[in-house]
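Everything below concerns the one structure shown next.
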Amino acid sequence: MNVTLQVWRQKGPGSPGAFKTYQVDAISAEMSFLEMLDVLNERLVNQGEDPVAFDHDCREGICGSCGVMINGRAHGPQPGTATCQLHMRRFPDGSTIVVEPWRAAGFPLVKDLVVDRSAFDRIIEAGGYISVDTGSAPDANLIPVPKTVADTAFDAAACIGCGACVAACPNGAASLFTAAKIGHLNLLPQGHAERWSRTERMVGVMEHYFGSCTNHGECEKACPKEISIDFIAMMNADFLRAKLANRRLAAQYR
Amino acid sequence: MTGLEAKIPEGPLENKWESHKFSVRLVNPANKRKLRVIIVGTGLAGASAAASLGELGYQVDVFTFHDTPRRAHSIAAQGGINAAKNYHNDGDSVRRLFYDTIKGGDYRSREANVYRLAEVSLNIIDQATAQGVPFAREYGGLLDNRSFGGAQVARTFYARGQTGQQLLLGAYQALMRQVKTRTVRLHTRVEMLDLVVKDGRAIGIVTRDLVKGEIARHSAHAVVLATGGYANVFFLSTNAKASNTTAIWRAHRRGAALANPCFTQIHPTCIPASDEFQSKLTLMSESLRNDGRIWVPKNPGDDRPPEQIPEIDRDYYLERRYPAFGNLVARDIASRAAKRVVDAGLGVGPLKNGVYLDFADATTRLGRRTIEERYDNLFEMYNRITDEDPYLVPMRIYPAPHYTMGGLWVDYNLMTTIPGLYAIGEANFSDHGANRLGASALMQGLADGYFVLPYTIGDYLAGLLNEPPVPTDDPAFGPVEDEVGDRVRGYLATGGSRTVDWFHRELGKIMLDHCGMSRSAQGLEKALSDIPALYEEFKTDLRVLGTGEELNQALERAGRVDDFFELAMLMCVDAREREESCGGHFREEYQTEDGEALRDDVGFAHVSAWEWTGDAARPEVQNEDLVFENVALTTRSYK
Ligand SMILES: Cc1cc2nc3c(=O)[nH]c(=O)nc-3n(C[C@H](O)[C@H](O)[C@H](O)COP(=O)(O)OP(=O)(O)OC[C@H]3O[C@@H](n4cnc5c(N)ncnc54)[C@H](O)[C@@H]3O)c2cc1C
Ligand code: FES
């Protein structure tokens with residue numbers, strides 16, 4: 001099959017960017033989207049033009065490295081699918097495909113389709129963990145966790161940190177990412193001790209880097225792991241309670 | 001040449017680790033703050049080590065070429081992690097896990113290391129659970145287990161089909177907690193390109209910032225490599241695209257011995273390549289073999305769709321040849337059997353490059369609901385890639401390079417032959433012998449990082465109290481930094497006509513043909529003449545565009561492929577010299593009458609540790625003899 005690509009090219013954060021059109025002919029429908037970009041790059045180098053920079057690694061939808069806007073949609077047309085899992089058979093022969101980087105204030109551009117997502121690490125650093133030093137854990141079966149609770153916590157923990165939620169959000173908010181980690185840890189009994197402080201700190205850092213959530217719901221649609229926006233509701237509820245709970249805890253020490 | 005001293009503690013097997021822990025020197029908290037450790041890699045091994053050393057109070061610098069620690073290749077592990085918890089009362093114990101792992105490795109690993117691994121497996125599950133890793137649970141709320149490739153007890157803990165992801169996130173979160181407290185400094189998108197050694201000790205590394213291109217020096221009291229495996233030497237493998245050998249290869253060139261480099265694992269259940277553009281192969285979890293039945297048509301050229309081939313015309317070759325284990329035989333055996341039927345022209349699929357993995361019987365027996373519960377995410381993944389529905393048509397699978405048992409030689413303390421340089425996780429050779437059992441790499445990576453290295457590294461660091469790290473303006477750093485810079489500029493200046501990926505693909509083909517599932521002296525000799533020829537072309541005909549002062553992904557790959565070339569030669573030499581068949585290493589000349597591997601315990605019950613001589617095709621070897629006091633060497637039989 002043949003496709004026409006319009007790809008965002010930009011040398012670096014300070015340089016101007018623009019779309020460039022490339023004709024990519026004689027590719028196979030069985031290829032993945034990234035394999036198609038590999039072929040484009042192979043051809044560009046042979047013609048003496050710089051290849052297109054894009055992030056990727058596992059190519060099986062789990063590491064969260066990949067991610068571009070394809071025809072205006074984060075990770076492209078197939079629901080619940082990361083860019084690396086998308087195959088060319090999803091596009092009609094002869095299509096024009098527009099490829100852009102994630103665009104969000106919280107994700108500064110690095111080059112071409114590559115952005116800097118390190119603000120996500122800052123959010124995790126603020127409290128996205130359970131404080132347990134190596135060696136101090138009790139036997140794993142000491143605390144039973146109801147299966148439904150464990151399963152729901154897992155649904156949230158499935159987040160791959162790709163940033164599609166932010167890219168899809170008209171406000172560039174990172175609520176789904178943050179809520180997924182808060183939901184995962186706050187649901188589990190092991191995470192209860194730090195529930196209120198975790199919520200308050202993570203939300204604080206999130207708001208420092210990212211826009212505000214106004215419940216558009218675009219994030220859920222873009223998420224390659226189909227994480228539910230119910231977790232955002234949980235986060236908001238926990239945040240309110242945290243404000244009270246943390247104050248009450250503080251009051252005890254007055 | 002450095003002498004190989006494995007430093008295995010005296011005493012009975014069961015007490016070795018306990019008494020060793022008591023005998024190692026400790027460092028008091030005030031001194032820990034003054035000791036610096038560099039850790040390269042943030043996979044399970046690196047992240048768990050960095051978090052644990054940070055908690056202990058050391059000053060840790062951790063490096064990864066990824067944009068965040070959470071993207072390390074460990075994230076992709078699917079099936080599970082072993083531990084001898086015996087929660088299910090089915091006869092498991094530390095001793096049994098030890099025994100299964102030694103036997104599974106075809107008696108080419110150290111008893112003491114493997115026993116320790118089985119012992120600390122218990123702590124790993126406790127630690128991960130406390131961190132919030134959402135392992136699968138039963139309705140009573142307790143942890144669930146399943147049995148996994150080649151084991152007769154259910155000792156595998158799992159988190160849906162994403163066990164590696166969840167364990168890595170646990171370790172990553174623990175690491176980020178230390179980053180917050182400033183015990184750990186995190187360097188992302190920074191690649192280690194060389195090791196610095198002074199007076200025989202590892203004192204630092206030289207790195208390149210992948211965004212700005214800046215080459216920098218870092219010094220520490222000790223350096224830990226947790227940089228993963230090198231199965232990407234085959235180009236097509238199940239590993240993440242960026243996984244590479246550079247860190248361990250550069251350490252090897254600076255004096256660290258590389259052990260058993262030819263021991264590679266070819267995983268039996270991967271999706272076959274679909275065309276010549278294939279960029280990587282996707283693993284289908286081995287757990288599928290618990291319920292799927294593997295078969296091919298009995299007659300070559302039988303082009304009927306699978307559902308129209310009657311039972312009588314099907315060959316369930318694993319069940320036929322290995323009645324006791326059937327579809328659950330160890331990975332190396334299942335892989336070779338698949339290669340044999342495909343080579344005999346019985347392969348299925350458009351390119352005739354696969355075998356069927358069929359769930360029809362299991363669906364009838366258990367009902368579709370149960371199959372969905374067990375495998376739905378895997379079936380969906382298969383469907384996404386192939387556009388075929390495994391609920392309706394059998395899956396097609398074929399073996400693919402997956403894991404490398406070989407790696408840097410380490411002693412019982414996980415120290416390499418360079419004092420002060422440690423290797424943990426897949427980067428070392430330690431525990432899996434000639435074949436790794438399913439669900440034991442996650443166990444080993446976390447054992448090394450959480451529970452072994454934090455003890456053993458203290459013993460070395462205790463000897464360096466009151467010595468500041470060697471300053472980075474020391475003359476030892478200069479020449480290394482210059483070499484790194486020359487190498488980077490060299491790729492850009494070659495100005496040839498072929499891309500890096502072209503060379504990588506060609507190298508991979510040679511390796512798969514001659515140093516893959518089946519090897520022979522003749523084939524290895526051929527590889528040892530083809531690889532240097534291709535390598536010469538690489539040096540003169542490579543084309544890398546752009547500059548070194550920007551994000552330049554082709555430039556990054558050029559350095560990695562360069563090192564793969566030299567490693568490939570060493571792998572072939574090692575495979576040629578090991579004149580026996582064991583585990584994943586199958587030499588055609590050494591097989592029984594019915595085609596099974598023929599081990600030679602008199603000649604080859606040893607570890608081959610190779611040293612760099614300056615000529616990649618002529619390395620020198622030292623053997624570490626393996627002593628078996630607790631298990632009898634038997635022929636592995638799955639019949
Ligand atoms: C598809 C798949 C499924 C698997 N499933 C299982 C399973 O179910 N059970 C099991 O036990 N095992 C499984 N394995 C094996 C297991 O996942 C790996 O062996 C293990 O995760 C390796 O961990 P590691 O920490 O040693 O290295 P990795 O996770 O590979 O991490 C390497 C790290 O080093 C960094 N790095 C490397 N070189 C450099 C450098 N030069 N400079 C800077 N940073 C560098 C990388 O950025 C990365 O952070 C699976 C493997 C694959 C491929
Ligand atoms: S490359 Fe890993 S998720 Fe796409």
Side-chain angles (χ1 to χ4, degrees), chain A residues 11-12 28 30-32 34-35 38-39 42 45-46 48 50-51 53 55-60 62-65 81 85 87 89 110-111 114 116-118 120-121 124-126 128-135 137-141 144-147 150 153-154 157-158 161 184-185 188 190-191, chain B residues 48 51-52 55 66-68 70-71 73 75-76 85 87 123 125-127 129-132 134 137-143 159-160 162 165-166 169 173-174 176-177 179-180 188 211 240-242 274-275 277-280 282 381 384-385 387 450-451 454 499 501 543 545-546 550-551 553-554:
Chain A
K11 270 244 154 222
S28 137
E30 297 305 307
M31 274 179 176
S32 71
L34 296 186
E35 283 166 355
D38 291 342
V39 170
E42 198 81 3
V45 174
N46 288 334
D50 268 359
D55 264 329
H56 66 96
D57 198 20
C58 72
R59 296 202 173 192
E60 40 190 76
I62 193 73
C63 74
S65 299
T81 302
Q85 296 172 291
H87 282 72
R89 65 176 90 91
V110 176
K111 183 180 178 181
V114 177
D116 176 356
R117 288 167 287 191
S118 52
F120 274 5
D121 284 340
I124 297 299
E125 204 178 289
Y129 44 74
I130 290 171
S131 299
V132 48
D133 283 356
T134 302
D139 184 88
N141 259 351
V145 181
K147 188 166 163 26
F154 198 120
H184 162 209
L185 298 175
L188 292 172
Q190 303 93 302
Chain B
S48 59
S52 304
E55 287 160 10
H66 287 103
D67 65 327
T68 152
R70 64 184 289 160
R71 310 234 193 269
H73 164 61
I75 200 95
K85 282 282 196 187
Y87 279 159
N123 308 87
I125 300 305
D126 298 341
Q127 185 65 30
T129 304
Q131 289 169 344
R137 289 182 184 263
E138 294 170 340
Y139 283 100
L142 300 181
L143 295 170
R160 295 192 190 154
Q162 288 132 265
Q165 180 198 26
Q166 294 307 319
L169 291 180
Q173 289 163 198
M176 293 315 286
R177 174 171 161 248
V179 170
K180 183 75 184 167
T188 55
V211 178
K241 291 291 286 174
S274 64
D275 54 39
F277 304 112
Q278 190 85 31
S279 62
K280 76 157 279 178
T282 302
M381 182 157 147
R384 205 191 287 281
I385 293 172
D387 216 19
Y450 283 134
F451 296 109
T499 63
D501 289 4
R543 171 185 282 193
L545 303 175
E550 59 179 330
L551 179 70
Q553 295 168 321

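So that the names make sense, note that chain A is the first sequence line, chain B the second, and so on, each numbered from 1.
Interface summary for chain B: among Ala153(A), Pro146(A), Pro138(A), the most heavy-atom pairs under 4.5 angstrom belong to Pro138(A). Taking chain B as the reference chain and counting heavy-atom pairs below 4.5 Å, the highest number among Lys111(A), Glu30(A), Lys11(A) is found for Lys111(A). Counting heavy-atom pairs closer than 4.5 Å to chain B, the top-ranked of the candidates Gln190(A), Lys147(A), His56(A) is Lys147(A). For the set Ala174(B), Ser274(B), Pro134(B), the entry with the most heavy-atom pairs within less than 4.5 Å of chain A is Pro134(B). For the options Ser28(A), Gly64(A), Ala126(A), heavy-atom pairs under 4.5 Å to chain B are most numerous at Gly64(A).
Contacts of Val145(A) with chain B are made by both backbone and side-chain atoms, with heavy-atom separations under 4.5 Å. For a residue to count as touching a neighbouring chain, one of its non-hydrogen atoms must lie under 4.5 Å from one of that chain's; by this rule Val39(A) touches chain B with the side chain only. Both the backbone and the side chain of Thr81(A) come within less than 4.5 Å of a heavy atom of chain B. When heavy atoms are compared at a cutoff of 4.5 Å, Asp38(A) approaches chain B solely by way of its side chain, counted from C-beta outward. Interface residue Glu42(A): backbone and side-chain heavy atoms are both found under 4.5 Å from chain B.
Of the N and O atoms on the side chains of His87(A) and Asp387(B), not one donor lies less than 3.5 Å from an acceptor on the other residue.
With contacts defined as side-chain heavy-atom distances shorter than 4.5 Å, the pair Ile385(B)/Glu60(A) does not qualify. Residues Leu185(A) and Gln173(B) are in side-chain contact: their nearest non-hydrogen atoms beyond the backbone lie under 4.5 Å apart. At least one side-chain heavy atom of Ser131(A) sits less than 4.5 Å from a side-chain heavy atom of Arg177(B).
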Derivation of the side chain to side chain contact (heavy atoms under 4.5 Å, CB included) call for Asp67(B) and Phe120(A): CA-CA 11 Å; Asp67(B) 65 327; Phe120(A) 274 5; over 6 Å; no
